[in-house]
Novice: 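The following block contains the structure, expressed as structure tokens.
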Protein chains: 4
Amino acid sequence: MPKTPDSSRRSEHSRQAILAATRALISEVGYEKVAIEAIAARAGVGKQTIYRWWPSKGAVIFDSILALSEDADGRDLALPDTGDLEADLKRVMRATVAEFADPDFEKPIRALTAEVINDAGLAAQYRDKLARPVDEAKKARLRGGQRAGQLAADADLDLVLEVLYAPLFQRWLQRSGPLTPEYADALVEAALRAFRPG
Amino acid sequence: MPKTPDSSRRSEHSRQAILAATRALISEVGYEKVAIEAIAARAGVGKQTIYRWWPSKGAVIFDSILALSEDADGRDLALPDTGDLEADLKRVMRATVAEFADPDFEKPIRALTAEVINDAGLAAQYRDKLARPVDEAKKARLRGGQRAGQLAADADLDLVLEVLYAPLFQRWLQRSGPLTPEYADALVEAALRAFRPG
Amino acid sequence: MPKTPDSSRRSEHSRQAILAATRALISEVGYEKVAIEAIAARAGVGKQTIYRWWPSKGAVIFDSILALSEDADGRDLALPDTGDLEADLKRVMRATVAEFADPDFEKPIRALTAEVINDAGLAAQYRDKLARPVDEAKKARLRGGQRAGQLAADADLDLVLEVLYAPLFQRWLQRSGPLTPEYADALVEAALRAFRPG
Amino acid sequence: MPKTPDSSRRSEHSRQAILAATRALISEVGYEKVAIEAIAARAGVGKQTIYRWWPSKGAVIFDSILALSEDADGRDLALPDTGDLEADLKRVMRATVAEFADPDFEKPIRALTAEVINDAGLAAQYRDKLARPVDEAKKARLRGGQRAGQLAADADLDLVLEVLYAPLFQRWLQRSGPLTPEYADALVEAALRAFRPG
DNA sequence: CTTTAACCGAGACGGTACGTCAGGTCTTTCC
DNA sequence: GGAAAGACCTGACGTACCGTCTCGGTTAAAG
């Protein structure tokens, strides 16, 4: 997201302080009320240092949340593969349900989502940097399932992922229902029925 | 949403002017930049008259969009019923896809969604006043499908609705893929496969 | 100050409550911060009842202070007359000094004076209703002094009064020096020297 | 009067524009109706720039009038000294009378006085910055009169000044009588009689 | 090594909008 | 028809932040 007029002279220390302060403020006061001035003050940084490297408040917030995942970049995104697609997916979906229940997770992701909804540019970055890698890992596991005859060989994997995850995400986002392990199981079962081979 | 300090003395004329001005501003400048002062000016109303009856900017915006649907309250929410569930659902889903492509629809719904994401109170109102009635109409049609043996009799209809609609909604919200009639069809087919009877 | 559109139907009870509430508020919050709404609330009166009978906030405040003196209207304004003008004046001036030191006296009179400075209409009322009667009483005593040969027979009594009182009033108003009994005496002595007979 | 959070970074241009705009508004709309917002707009300045450097509206108004006199700071405050105290004082008092009749002088001084009446802090500044230097110049001339045997050697010069000026100032402030050259003369004569030597 | 230019913390600046307060008007309801 | 109640439009309040713009001070590459 940096404008990188040069980048070589950029203070990494300030950059980290800004991102950390932003994350802290999101947790404390909520996304809407995070102020650039507060970030600068908290980070011990001049406002200009923020404006030099980020084009908007949304971009800073976005980057600060993105940075969380980048820490785990080297991490193995690969899904478990026991040979039993249904069992593996249920494990992953139950983990996702648990993750959504974590209050530390709540505010930043709601902030990120609100940002993404209203800014097409950030939406593109979100897809490229966050969603795509994760989705590719999931699709890799689904392809394994196709090879093992547990999933229709001609299934549109993007569609399968949507059928699996979108109901869960929507329920969380709109608080329209409880997120339980059973719900995770039910989604996996429905998706596998929908894309059963042959 | 009003605080109703009394409500009997409330000026209906001012109320309508405020909601109309809010809708106009959402379309013109986008949700984030709608200012209470601008609403008041446009509506020919004192700021205090807004603050007297709504607790926050979000509430005004929410109400203004809600009012749109309330105009159509008497409207027939019922889905078409030709006896062919798949055909009927495809018709409805294709219509939904078309609706999401309407630019007049875009900004208010993104605004409403952003509001709902970050405010649990508004989320509850959204479910009660907007989502539930529509969902009930849809479920009524699904029940018809169950009776006709086109849908599993024991299917959790809330889950069916989520599998049908959440992928569509998420794709639109996050701009993560194209919304085409074919996509609508594919979703209907997947959902019906997932909840096929017996 | 009332507009007296009719006056016959006027509620004397409301009028008194308004004036009393105004006086109380002047003492409590100071002249600048007295609000019509607060007066109305405190007096248990509608705002319109105030606006019906007084043209402005200044007028209400002015009247409320004026009313204090009107209570004492029947009172004997006459100065003491022992035959010794100097002694009598010193007694009166020392009493005035004491009165100015009374904190309950402070705020209303400063309020009244500020009102009078900036509003020529109120200034005229102030002179007619408050200043003149008192000044006439003082001049009566001075005329006694002239007859007794203690004061120049041709002295301009308005000027004598000004030389006596203006220094005292100015010192209090601008807080430009201490108000002591000795100061009162010094003023009387100076004035009598200035207007010594023959 | 500035709070001087630093002062070195302060924009002198803005400061001057604010004071000039304030003076202009006092003349145009009168002291009571001068609004900070109007000052800021007229001066082409953000409101915060006013609040940053002045604690209250009164302080701005006070400073703006004070600045007028500071322009003339190097000015010769000394009174004429022809050797004839009475003639010199009459000249000065007649000049004062004329000054009070100047309408450009009217509104600012009434504004300043109203401010000083109700704010002890401003009163102190008023005495130190405006009144004292002028009074000292006058007392210097009076001392000359004492040396020349035209004024009692033991006269309290502060008292003499009050007897001379307070009546004039009060008459103007309360509009309680005409300000004429003859009145100026009468005051000088009375004061000199009151503090005649020997 | 020195220059020198970009980066940095700091924070004043012209602005916009906030949410509150009060002014004076208008309307409703009661007595 | 006066009066209590209070909603209404208006406009100023003082505050919070915006994004831009100097200020010195530091720092790291280029000379």
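So that the names make sense, note that chain A is the first sequence line, chain B the second, and so on, each numbered from 1. Since we're looking at a predicted model, the values are computed, not measured.
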Novice: Taking B:Lys57 for its side chain and B:Val34 for its backbone only, find out whether a donor-acceptor pair lies under 3.5 Å.
Specialist: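 Yes, B:Lys57 side chain to B:Val34 backbone: donor-acceptor pair under 3.5 Å.
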Novice: Going by number, which of residues 32-40 of chain A have a non-hydrogen atom under 4.0 Å from DNA chain F?
Specialist: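 Under 4.0 Å from DNA chain F: A:Ala35, A:Ile36, A:Glu37.
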Novice: Would you kindly give the NE2-to-C1' distance between A:His13 and E:dG9, to the nearest whole Å?
Specialist: 13 Å
Novice: Sequence neighbours excluded and cut-off under 3.5 Å, please list the side-chain donor-acceptor pairs for residues 111-118 of chain B, or say none.
Specialist:
from     : atom 1 : to       : atom 2 : distance (Å)
B:Thr113 : OG1    : B:Ile109 : O      : 2.7
B:Glu115 : OE1    : B:Tyr31  : OH     : 2.7

Novice: Between F:dA3, F:dC13, F:dA7, spot the one nearest the side chain of C:Thr49, thanks.
Specialist: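 The answer is F:dA3.
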Novice: Whole Å only: how far is the CD1 atom of C:Ile18 from the C1' atom of F:dG2?
Specialist: 13 Å
Novice: Is a donor on one side and an acceptor on the other found under 3.5 Å between the side chain of A:Lys107 and the backbone of A:Ser27?
Specialist: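 Yes, because the side chain of A:Lys107 sits within donor-acceptor range (under 3.5 Å) of the backbone of A:Ser27.
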Novice: Are any side-chain N or O atoms of B:Arg110 and backbone N or O atoms of B:Leu173, one a donor and one an acceptor, separated by less than 3.5 Å?
Specialist: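 Flag set: sc B:Arg110 to bb B:Leu173 pair under 3.5 Å.
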Novice: In whole Å, what is the span from the CD1 atom of C:Ile50 to the P atom of E:dG23?
Specialist: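 Nearest whole value for this atom pair: 9 Å.
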Novice: Think B:Arg9 forms a cation-pi with B:Trp53, using NZ or CZ under 6.0 Å from the six-ring centre and within 45 degrees of its axis?
Specialist: no
Novice: Side chains of B:Ile36 and B:Tyr51, heavy atoms from C-beta outward: is any pair under 4.5 Å?
Specialist: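 B:Ile36 reaches B:Tyr51 side chain to side chain.
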Novice: Do A:Trp54 and A:Arg15 touch side chain to side chain, with heavy atoms closer than 4.5 Å?
Specialist: yes
Novice: Please report the distance, rounded to the nearest Å, between CG in D:Leu25 and P in F:dA12.
Specialist: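 Those two atoms, CG and P, are 11 Å apart.
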Novice: B:Ser56 or D:Glu12: which one's nearest nucleotide on DNA chain E is closer to the 5' end?
Specialist: D:Glu12
Novice: On the nucleotide F:dC8, are OP1 or OP2 found under 4.0 Å from the side-chain N or O atoms that B:Arg52 carries?
Specialist: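 The answer is yes; a side-chain N or O of B:Arg52 sits under 4.0 Å from OP1 or OP2.
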Novice: Examine F:dA7: is either OP1 or OP2 under 4.0 Å from a nitrogen or oxygen in the side chain of B:Ser14? Give yes or no.
Specialist: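 Indeed not, no polar side-chain atom of B:Ser14 lies that close.
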Novice: So does D:Trp53 get a side-chain nitrogen or oxygen closer than 4.0 Å to the phosphate oxygens (OP1/OP2) of E:dG11?
Specialist: no
Novice: Please check this pair: side chain of C:Arg42 against backbone of C:Ala21, looking for a donor-acceptor N/O pair closer than 3.5 Å.
Specialist: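 Absent.
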Novice: Look at the side chain of A:Thr22 and the backbone N and O of A:Ile18, then say whether any donor-acceptor pair between them is shorter than 3.5 Å.
Specialist: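 Confirmed, A:Thr22 side chain pairs with A:Ile18 backbone.
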Novice: Summarise protein proximity over nucleotides 20-28 of chain F in one line of letters, 5' to 3': B for base, S for sugar-phosphate only, - for none, counting protein heavy atoms closer than 4.0 Å.
Specialist: BB-B----S
Novice: Report the residue (B:Gly44 or D:Lys57) whose heavy-atom-nearest nucleotide on DNA chain F is the more 5′ of the two.
Specialist: B:Gly44
Novice: For D:Trp54 and E:dA12, give me the distance from atom CH2 to atom P, rounded to whole Å.
Specialist: 14 Å
